[in-house]
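Worth knowing before you read on, the calculation uses all heavy atoms, side chains too, and leaves out hydrogens, waters and symmetry mates. Throughout, a chain's letter reflects where its sequence line sits, starting with A, and its residues are numbered from 1.
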Amino acid sequence: MSTVSFKNSAFEVREDLVDAHKGAWECISTAGTWLTGERRVAVAAETRKARERVSCAEAREALSPGSVKISNTTLGVLTDAEVEVIHRVVCDPGRLSEPWAQSIIGMGLSEGEYVEIIGLISMVMILDTCTLGLGLYDLDLPEPKIGVPTQYVPPGVKKNAAWLPTIEPGDAVEEDGPMYPSPKAGYILRGLSAVPQTLRDYWAMANIHYTPGQFVYQFNRSIRAITRPQMELIAARVSALHQCAY
Amino acid sequence: MLRESSQIAGYKVQLSDVTSGLSDETHIPQGDLLVALSEAIVARDKDAIADARGILFQALGNDAVVDAVAVASAFHGFVRIADAIGIPYATAAQGGDAADVREEAGINEFYRITSSK
């Protein structure tokens, strides 16, 4: 059983950050919209495996993205398409393309499953990077909880400006649940909107690491212990090192 | 956002430092320490992280270390959502991420942009 604690860290960690980690691991272990708890924890495990593999570095250095073959060693818990998504997104996110994303959908992964998996990968990367940065080891993965995915399809989801379908703020309905902090929500906030629960789980955790949505465009203030330019310098350098153009 | 927040605070920033590494032309306080920690975290280099974290702690204290680590961590998720969902890069910062900024920062050399030309 996973227990979230920063007690072994040499640093005092603010309580909301500790709670965000607890909440995120709880979400990861619970059935989502398209994936069972077992598959979600398997995605988390594969995310860690991808990150540590020698082929992860090979993938980044290969002249052609995708030229490094990825074998599925999950013993049937995850499909080949899911394993491919996890390894490419973890190891070489800056060289993904729309044809590649469409090829994954063509391998039988639904768009909802794809989006939910991206949300899970991103959560695990944030959680594990934070513990690494604070000098801690990865937590043990949580035990998956028994439950049935909701298979909720938002009525307003459609192909918009991104490769995958999203919900424009004006197309969100009450049944989707809370989605956006404002009608002007940026595209990064809309990225996971095809699976509203994944969007909520992700941002509940990510906002505590960065800054809540209502403060993002207030460039003259910071609610953290470093100034906004200091935050954005970190953000820009980390993004650039990932070759992220966004 | 780096450009906007730095302009408001009155700090000079060399945007190309984002891609090429910090130079003397960027004047954000403790920028060198924050970038060193960020680079070590991305590289997952535990020794380098410990060194950079210790120096930052001496300079800014406990809470700044925690928040610097937290922000660096957050962008390990944001980049993957943006790049795997295929969010149009020109919409960053609600469209404020202008073409001239991308050019100046060296972002136009990234795969996502070169492969779409």
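Of the atoms belonging to B:Phe78, heavy atoms from both backbone and side chain fall under 4.5 Å from chain A. The parts of A:Gln243 that come within reach of chain B are both its backbone and its side chain, each placing non-hydrogen atoms under 4.5 angstrom from that chain. Of the atoms belonging to B:Ile81, heavy atoms from both backbone and side chain fall under 4.5 Å from chain A. Looking at A:Leu132, the atoms closer than 4.5 Å to chain B (heavy atoms on both sides) sit in the backbone and in the side chain alike. Contacts of A:Leu17 with chain B are made by side-chain atoms alone, with heavy-atom separations under 4.5 Å and no backbone atom involved. Within the 4.5 angstrom heavy-atom criterion, no atom of A:Phe6 approaches chain B. Interface remark: B:Ile8 contributes side-chain atoms only to the contact with chain A (heavy atom separation under 4.5 Å). Contacts between B:Ile28 and chain A at a heavy-atom distance below 4.5 Å involve the side chain alone, from C-beta outward.
In terms of heavy-atom pairs under 4.5 Å with chain A, the best-connected choice from B:Gly106, B:Ala105, B:Ala64 is B:Ala64. Of the residues considered (B:Leu15, B:Val13, B:Leu34, B:Thr26), B:Leu34 shows the highest number of contacts with chain A, using heavy-atom pairs under 4.5 Å. The greatest number of non-hydrogen atom pairs below 4.5 Å with chain B, out of A:Tyr114, A:Trp163, A:Trp100, is found for A:Trp163. Put simply, of A:Val89, A:Val115, A:Ile121, the one with the most heavy-atom pairs under 4.5 Å next to chain B is A:Val89. If you tally non-hydrogen atom pairs under 4.5 Å between each of A:Ala194, A:Ala240, A:Pro229, A:Ser222 and chain B, the highest count goes to A:Pro229. Contact tally against chain B (heavy-atom pairs below 4.5 Å) for A:Val13, A:Thr131, A:Leu192: the top residue is A:Leu192.
Residues B:Phe75 and A:Ile126 form no side-chain contact, since every pair of their non-hydrogen atoms from C-beta on lies 4.5 Å or further apart. You'll find the side chain of A:Cys130 reaches within 4.5 Å of the side chain of B:Val69, heavy atoms only. Side chains of A:Arg228 and B:Met1 form a contact here, defined as non-hydrogen atoms less than 4.5 Å apart. Looking at A:His242 and B:His76, their side chains come closer than 4.5 Å, going by heavy atoms from C-beta outward. Side-chain contact between A:Arg95 and B:Phe110 is absent, with no heavy atoms from C-beta onward closer than 4.5 Å. In this structure the side chain of A:Gln230 reaches within 4.5 angstrom of the side chain of B:Pro29, judged on heavy atoms. Between A:Leu241 and B:Glu39 the shortest side-chain heavy-atom distance falls below 4.5 Å.
A pairwise comparison of heavy atoms in A:Tyr187 and B:Pro88 identifies CD2-CD, 4.2 Å as the closest pair. When all heavy atoms are compared, the tightest approach of B:Gly31 to A:Leu233 is CA-CD2, 3.5 Å. The nearest pair of heavy atoms linking A:Cys244 to B:Val79 is CB-CG1, 3.7 Å. Taking both residues in full, the closest heavy atoms of B:Ile107 and A:Ala245 are given as CG2-CA, 3.7 Å, listed atom of the first, atom of the second, then distance. Closest heavy-atom contact between B:Val18 and A:Ala236: CG1-O, 3.4 Å.
For residues 208-216 of chain A, the interface with chain B (any heavy-atom pair closer than 4.5 Å) comprises A:His209, A:Tyr210, A:Val216, sorted by residue number.
Within the structure, salt bridge (charged side-chain N to carboxylate O under 4.0 Å, His left out) pairs that include any residue of residues 73-83 of chain B comprise B:Asp83-B:Arg112 (at least two apart or interchain). Screening residues 24-65 of chain B for ring-ring contact (aromatic ring centres under 6.0 Å, His included) gives A:Phe11-B:Phe57 as the qualifying pairs, with residues at least two apart or on separate chains.
In this structure, OG in B:Ser5 is found 14.5 Å from CZ in A:Arg221, a value given to the nearest 0.5 Å. The CD atom of B:Glu4 sits 12.0 Å away from the CG atom of A:Asn220 when rounded to the nearest 0.5 Å. Here CG of B:Leu37 is found 7.0 Å from CD1 of A:Ile234. Values are rounded to the nearest 0.5 Å.
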_Test salt bridge (charged side-chain N to carboxylate O under 4.0 Å, His left out) applied to B:Asp17 and A:Arg237, step by step_ = CA-CA 8 Å; B:Asp17 288 0; A:Arg237 185 63 180 142; over 6 Å; no
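Partner A:Arg14 forms a side chain to side chain donor-acceptor pair (under 3.5 Å) with one of B:Asn62, B:Asp67, B:Asp63 and no other, that one being B:Asp67.
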Show me the side-chain donor-acceptor pairs of residues 42-55 of chain B shorter than 3.5 Å, one per line, residues at least two apart or across chains.
{"from": "B:Asp45", "atom 1": "OD1", "to": "B:Asp47", "atom 2": "N", "distance (Å)": "3.2"}
{"from": "B:Asp45", "atom 1": "OD1", "to": "B:Ala48", "atom 2": "N", "distance (Å)": "3.0"}
{"from": "B:Arg53", "atom 1": "NH1", "to": "A:Gly133", "atom 2": "O", "distance (Å)": "2.7"}

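With a 6.0 Å radius and a threshold of 12 heavy atoms from other residues, nucleotides or ligands, A:Gln218 has its CD atom above the threshold.
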